[in-house]
S.K.: 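Below is one structure. I have some questions about it.
All values derive from a computational prediction rather than experimental measurement. Letters A, B, ... are given to chains in the order of the sequence lines, protein chains preceding strands, and every chain is numbered from 1.
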Amino acid sequence: MNSFDKLPFEFYNRKVTSVAKSLLGKTFVRKNCNEILCGKIVEVEAYDGKSDEASHSYNGATKRNQVMFGKAGHLYVYFTYGMHFCANVVTGKENYGAAILIRAIEPLGGIDILSQNRFGKKNISGKELLNLCSGPAKICQAFQITRGSNGANLCGDDIFILDSPSVSNNKIISTARIGIKKSIDLPWRYYIKDNPYVSKK
DNA sequence: CCACGGATTGGCT
DNA sequence: GCCAATCCGTGGA
């Protein structure tokens with residue numbers, strides 16, 4: 001696999017924590033209305049189908065979470081807190097129910113449009129740039145990912161992830177996940193050390 | 001800097 | 001009816 005090729009199905013069809021760590025540094029891309037929006041994935045969280053009470057899939061498939069039980073390499077988008085969307089990458093075997101929440105992205109391309117979507121203006125300050133995609137719902141707002149993207153195939157042409165140089169293990173920080181109340185002991189949040197675009201130290 | 005609470009829909013018990 | 005894999009503004013130290 002060459003750098004900057006689209007990540008194939010086999011990349012996603014592995015254990016969720018392995019995929020989560022190897023997603024760091026990869027390039028998330030959205031093609032939309034002839035515009036290309038992209039950025040580097042700098043923070044993720046793994047949610048496992050088994051023995052992870054915090055996972056949406058823990059209690060089995062429902063109408064809402066069915067994409068998590070589908071094939072790996074698809075996007076699971078959910079709506080929460082009455083106003084936010086969050087995007088996840090489905091991993092592992094079909095019917096298993098694992099996914100990775102994309103928590104932070106370092107903006108690289110289409111920054112004017114990302115800014116317009118998030119802040120309603122093109123010219124933003126350095127502080128606003130750091131705040132552009134530093135959170136799962138911020139990413140969805142900037143990249144305009146809503147329920148219409150739920151179930152999107154990441155091996156397709158709309159939303160996909162490009163292979164990019166891997167992040168070495170000594171640059172990957174592992175911590176407890178954020179904003180959950182169950183299984184808070186699992187250290188399945190991963191982010192790139194010293195990257196200023198992560199949501200929280 | 002930190003802590004807290006409000007916004008606001010929909011999924012599931 | 002309860003409360004959520006969040007974000008933002010406010011108010012105090």
S.K.: When you measure from the side chain of A:K138, which nucleotide among B:dG10, C:dC8, B:dC12 comes out closest?
M.R.: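 From the listed options, C:dC8 comes nearest.
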S.K.: Would you say A:H56 places a side-chain N or O within less than 4.0 Å of OP1 or OP2 belonging to C:dA5?
M.R.: yes
S.K.: Tell me whether the OP1 or OP2 atom of C:dA4 has a side-chain N or O from A:K181 closer than 4.0 Å.
M.R.: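 Yes, within the criterion.
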S.K.: Starting the side chain at C-beta, find the nucleotide from B:dC12, C:dC8, C:dA4 nearest to A:T80.
M.R.: C:dA4
S.K.: Consider the side chain of A:R103, meaning its heavy atoms from C-beta on, and name the nucleotide among B:dT9, C:dT6, C:dA4 that approaches it most closely.
M.R.: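 So the side chain of A:R103 is nearest to C:dT6.
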S.K.: Salt bridge or not between A:K26 and A:D163? Use side-chain N to carboxylate O under 4.0 Å.
M.R.: yes
S.K.: Which of these nucleotides, C:dA5, C:dC7, B:dC12, is closest to any side-chain atom of A:T62?
M.R.: B:dC12
S.K.: Under 4.0 Å between any heavy atoms, over every strand shown, what does A:A137 touch: base, sugar-phosphate, or nothing? Just pick one.
M.R.: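 Result for A:A137 = sugar-phosphate.
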S.K.: So do the side chains of A:F9 and A:K71 get within less than 4.5 Å of each other, counting heavy atoms only?
M.R.: yes
S.K.: State which of C:dC8, B:dG11, C:dT6 makes the closest approach to the side chain of A:R118.
M.R.: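 The nucleotide sitting nearest to the side chain is C:dC8.
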S.K.: Can you tell me if A:Y81 is stacked onto the base of B:dA7, using a 5.5 Å centroid cut-off and an angle below 30°?
M.R.: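 No, aromatic ring not over the base.
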S.K.: When you check the gap from the basic side-chain N to the acidic O, do A:K200 and A:E43 get nearer than 4.0 Å?
M.R.: no
S.K.: Would you say the side-chain atoms of A:R177 pair up with the backbone N or O of A:R189, donor to acceptor, closer than 3.5 Å?
M.R.: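 Judged by distance alone, no pair lies under 3.5 Å.
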